[in-house]
Amino acid sequence: MPELPEVETVARGLRQSLPGRRILGVRLGKTDFIDDPSALELLLPGTTVSRIRRLGKNLLVDLQSGDGEAESLALLIHLGMTGQIAIISPDAPVPKHTHVFLSLDDGREMRYTDVRRFGRMAILSTADQEKELGGLGLEPLDILLDEFRARVGSRNGRIKALLLDQSVMRGIGNIYADESLWRAKIHPRKLGSKLTSEELKRLHRAVQGILREAIRLRGSSISDYVDSGGRKGKYQLRHRVYGRDGKKCSRCGSLIRWATVAGRSSHFCPRCQPAPRERKTAKKSKPRR
DNA sequence: CTTACGGCCTGGGTGC
DNA sequence: TGCACCCAGGCCGTAA
């Protein structure tokens, strides 16, 4: 599943081949993950890619219009769970579930393949970009310790939910949330406001360290993630808890556990990440009839 | 305002 | 071969 390290890897791949390329044509398959499919068909041809940006899990392909107009557009791509981008020869076999084809002026094409179609594509004006992406939190790789403390330590939500909340920080998903909490020795159910100063510091370091290492290893290929060159990542080999329930914790030997926290599957070591005191929520007695 | 939670989207994998 | 079911991440509506 593409989270920050995977999207960053894709972005770096696209930066190798897209800037300077002119888009010649657009062909679409299923379009229910595209905000306005006809806008893509209408506006993309004739534009030139100027740069590739990543904001959290979002990719932005900046476009210059062919006629030199100042109006700048960007193609937003969110890979969802199963989105893949390929820059490839049009003669290459087309994988199933490929729904967007952009022909490029170097003879290749950019393809978007998405089994689940949980991804998203949209053409955004500068104003749209602010509206759509303005609510995102800070980049976890850039956030300073003090900012991290302020944003996370003040909140009463479960730390797992806070790490996943894109308006707190952008780009962390289930894998890197679980891995970061394990490294920082914090239970996913603990409340942000209950984290000690030391825990906040450890978590800040853990998040950044893990994201950096994951980018270095080109992300985690869990289900079907590949980068824009079709290569798998290697960080899944370093996972300590994600998908390892029932296996031994590499730090203490206890068995990794699985539980639902904040509505998401969570993996953690019950010894290294001690459970917080349960909040006293009156156990709802079953309504009897 | 904040937080919690259920439901929805889709289809591959699994188990019977 | 079929078929029901689960699950993934993000988001949204609703409730407290």
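Reckoned from all heavy atoms, side chains included, excluding hydrogens, waters and symmetry mates. Each chain gets a letter, A, B and so on, in the order its sequence line appears, and its residues count up from 1.
Residue Arg155(A) places at least one side-chain N or O under 4.0 Å from the OP1 or OP2 atom of dT3(B).
Computed from coordinates, the Leu163(A) CG to dT3(B) P distance equals 14 Å when rounded to whole Å. Computed from coordinates, the Lys194(A) NZ to dT3(B) P distance equals 14 Å when rounded to whole Å. Between Ile175(A) atom CD1 and dG9(C) atom C1' the separation is 11 Å, expressed in whole Å. The CG atom of Asn174(A) sits 13 Å away from the P atom of dC7(C) (whole-angstrom rounding). The separation between Gln166(A) atom CD and dC11(C) atom P is 7 Å, rounded to whole Å. Counting to the nearest Å, the P atom of dC7(C) and the CG atom of Asp245(A) are 12 Å from each other. Rounded to a whole Å, the NE2 atom of His78(A) is 10 Å from the C1' atom of dC11(C). Nucleotide dT3(B) holds its C1' atom 17 Å from the NZ atom of Lys160(A), rounded to whole Å.
Arg22(A) and Thr48(A) form no side-chain donor-acceptor contact under 3.5 Å, judged by distance and modelled atom types alone. The closest side-chain donor-acceptor pair between Ser220(A) and Tyr176(A) falls under 3.5 angstrom.
Note on residues 74-98 of chain A: pairs passing side-chain hydrogen bond (donor to acceptor under 3.5 Å, both in side chains), not counting sequence neighbours, are Thr82(A)-Asp114(A), Thr98(A)-Thr113(A). Listed by first and then second residue, the side-chain hydrogen bond (donor to acceptor under 3.5 Å, both in side chains) pairs that reach into residues 130-139 of chain A are Arg54(A)-Glu139(A), Arg120(A)-Glu132(A), Glu139(A)-Arg170(A), sequence neighbours excluded.
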Just by protein heavy atoms under 4.0 Å, how would nucleotides 7-13 of chain B read 5' to 3' in B, S and -? --BBBS-
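Electrostatic pairing of Asp32(A) and Arg117(A) counts as a salt bridge here, judged by a charged N lying under 4.0 Å from a carboxylate O.
Using a 4.0 Å heavy-atom distance criterion, Ser265(A) is classed as a sugar-phosphate-only contact. Gly157(A) comes within 4.0 angstrom of the backbone, heavy atoms only, and of no base.
A cation-pi arrangement is not found for Arg244(A) relative to Trp258(A), the charged atom failing to lie both closer than 6.0 Å to the ring centre and inside a 45° cone about the ring normal.
For Phe33(A) and Tyr112(A), the ring centers sit closer than 6.0 Å to each other.
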